[in-house]
Amino acid sequence: MGINVAIDGPSGAGKSTLARKLAEKLKFIYVDTGALYRTIGLYALRNDIDPKDENGVIAALSDIEVEIKFIGGEQHVYLNDEDVSADIRIHEVSNYASLVSAIPAVRQFLFHMQQKMAAEHDVIMDGRDIGTVVLPNADVKIFLTASAEERATRRYEELLSRGQEVSYDQILADVIARDEQDTNRPIAPLKPAENSVIVDTTGNTFDESLALLYKTVTERLEK
Ligand code: DC
């Protein structure tokens, strides 16, 4: 059994960049579980499957194989043997991922894959339900959050830097809508796990957040 650190929180709280850096410092594997839901979302988008159509998405699962590989320490995600690591970052895929992730069969489909990785490696795993559902016995559980405005600003800047044309107001509206969807769904809703430490990064620089997260995790791992 590996050492397991679960990091959950809303989109744009800086989870993935912080978790990746933290994993590097601790020499753990970083597993971004959002990428798995994004891969199913991408399949739906590419194949004109309505992500709200539960039966349509469930029927598609038998045609989908998702795989994770680590190349130079970086996670790559494969959809039926195609590396889709870049394609799943397209803005449109975010909403598809959020919608398909509300389908219990989709969560079940990805559940064992996540547990297996945590059993075999020391992992920092980030997502929405890692501390609550996937790794309820994680050694450390963090709930990483920041204000919706700050998260929208970060997402906006990230998309601009990738050359995607987006409006800040639209991004803020999307962040709020996605929080709503992820928090209020009946299955595995986004919420702090029992015994989790809440880390709020509003107003922090990246380095300040990383230092805070590193201190929080290492202190708990030493206990
Ligand atoms: O972290 P992200 O933005 O890449 O995640 C995309 C969507 O996937 C997000 O809206 C919620 C869903 N998700 C989930 O339901 N459970 C996870 N463990 C990770 C992501």
Side-chain angles (χ1 to χ4, degrees), residues 4-20 23 30-45 51-52 54 57 61 64 66 68 74-77 79 84-118 123-136 138 141-146 148 150-152 154-156 158-159 162 164 166 171-193 196 201:
N4 295 170
V5 177
I7 303 187
D8 292 301
S11 60
K15 280 194 313 284
S16 55
T17 27
L18 285 167
R20 179 177 293 115
Y30 163 57
V31 181
D32 165 12
T33 63
L36 305 175
Y37 293 92
R38 285 174 178 271
T39 303
I40 313 268
L42 177 68
Y43 184 91
L45 178 65
K52 289 186 184 149
E54 189 160 337
V57 174
L61 289 178
I64 300 178
V66 181
I68 283 187
E74 275 292 305
Q75 171 180 310
H76 285 245
V77 61
L79 169 60
V84 292
S85 311
D87 292 32
I88 58 166
R89 299 295 156 200
I90 296 166
H91 183 55
E92 265 180 294
V93 175
S94 305
N95 192 42
Y96 269 69
S98 176
L99 290 167
V100 298
S101 75
I103 301 172
V106 170
R107 308 202 69 82
Q108 190 58 33
F109 183 77
L110 299 171
F111 180 74
H112 296 290
M113 204 173 152
Q114 298 170 71
Q115 282 207 328
K116 187 165 178 279
M117 263 181 300
V123 294
I124 309 271
M125 190 172 282
D126 98 28
R128 303 294 189 286
D129 63 336
I130 307 305
T132 49
V133 178
V134 179
L135 306 176
K141 298 179 188 180
I142 303 284
F143 192 82
L144 193 76
T145 190
E150 177 136 344
R151 289 185 286 124
R154 291 180 193 162
R155 179 100 186 111
Y156 174 68
E158 182 195 334
L159 289 169
R162 289 206 190 128
Q164 292 191 38
V166 284
I171 296 290
L172 179 60
D174 288 354
V175 164
I176 292 170
R178 209 138 69 90
D179 282 358
E180 276 284 314
Q181 274 173 42
D182 295 345
T183 309
N184 295 317
R185 66 186 177 202
I187 181 163
L190 172 66
K191 61 168 187 207
S196 62
T201 65

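Keep in mind that what you see is a predicted model, and the values were worked out from it rather than measured. Ligands are counted one by one from 1 in listed order, and the atoms in each one are counted from 1 as well. For reference, positions follow the sequence shown, starting with 1.
- Considering only non-hydrogen protein atoms, atom 19 (C) of ligand 1 sits nearest to Thr33 OG1, 3.4 Å.
- For ligand 1, the atoms closer than 4.0 angstrom to any heavy atom of Asp182 are 9 (C), 10 (O), 11 (C).
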(request) Please lay out, stage by stage, how Tyr96 and Arg38 fare under the test side-chain hydrogen bond (donor to acceptor under 3.5 Å, both in side chains). (result) CA-CA 7 Å; Tyr96 269 69; Arg38 285 174 178 271; over 6 Å; no
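- For Asp182 (side chain) and Leu190 (main-chain N/O), no donor-acceptor pair under 3.5 Å exists by modelled atom type.
- In the candidate list Gly127, Gly9, Ala97, Ser16, Ala97 is nearest to atom 7 (C) of ligand 1, counting heavy atoms.
- Taking only nitrogen or oxygen atoms, main chain and side chain alike, Asp129 reaches within less than 3.5 Å of ligand 1.
- Distance alone, capped at 3.5 Å, is enough to place a donor-acceptor pair between the Ser85 side chain and the Val77 backbone.
- Side chain of Gln75 to main chain of Asp32: a donor-acceptor pair is present (N/O by atom type, distance under 3.5 Å, no hydrogens or angles).
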Side chains of residues 5-13: which donor-acceptor pairs under 3.5 Å do they make with residues two or more places apart or in other chains?
residue	atom	partner	partner atom	Å
Asp8	OD1	Arg128	N	3.2
Asp8	OD1	Asp129	N	3.1
Asp8	OD1	Ile130	N	2.8
Asp8	OD2	Ile130	N	3.2
Asp8	OD2	Gly131	N	2.7
Ser11	OG	Arg178	NH2	3.4

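- Heavy atoms of Arg107 found under 4.0 angstrom from ligand 1 belong exclusively to the side chain.
- The protein heavy atom nearest to atom 10 (O) of ligand 1 is Arg178 NH1, 2.9 Å.
- Under a 4.0 angstrom heavy-atom cut-off, Arg185 registers as being in contact with ligand 1.
- Donor-acceptor pairing under 3.5 Å is recorded for the side chains of Ser101 and Arg185.
- The protein heavy-atom contact nearest to atom 8 (O) of ligand 1 is Tyr37 CB, 3.5 Å.
- Checked for salt-bridge contact, Glu150 and Arg154 meet the test: a charged N lies under 4.0 Å from a carboxylate O.
- Between atom 1 (O) of ligand 1 and the options Arg38, Arg128, Gln114, the minimum heavy-atom separation is to Arg128.
- Residue contact check: Ser101 has heavy atoms under 4.0 Å from atoms 11 (C), 12 (C), 15 (O) of ligand 1.
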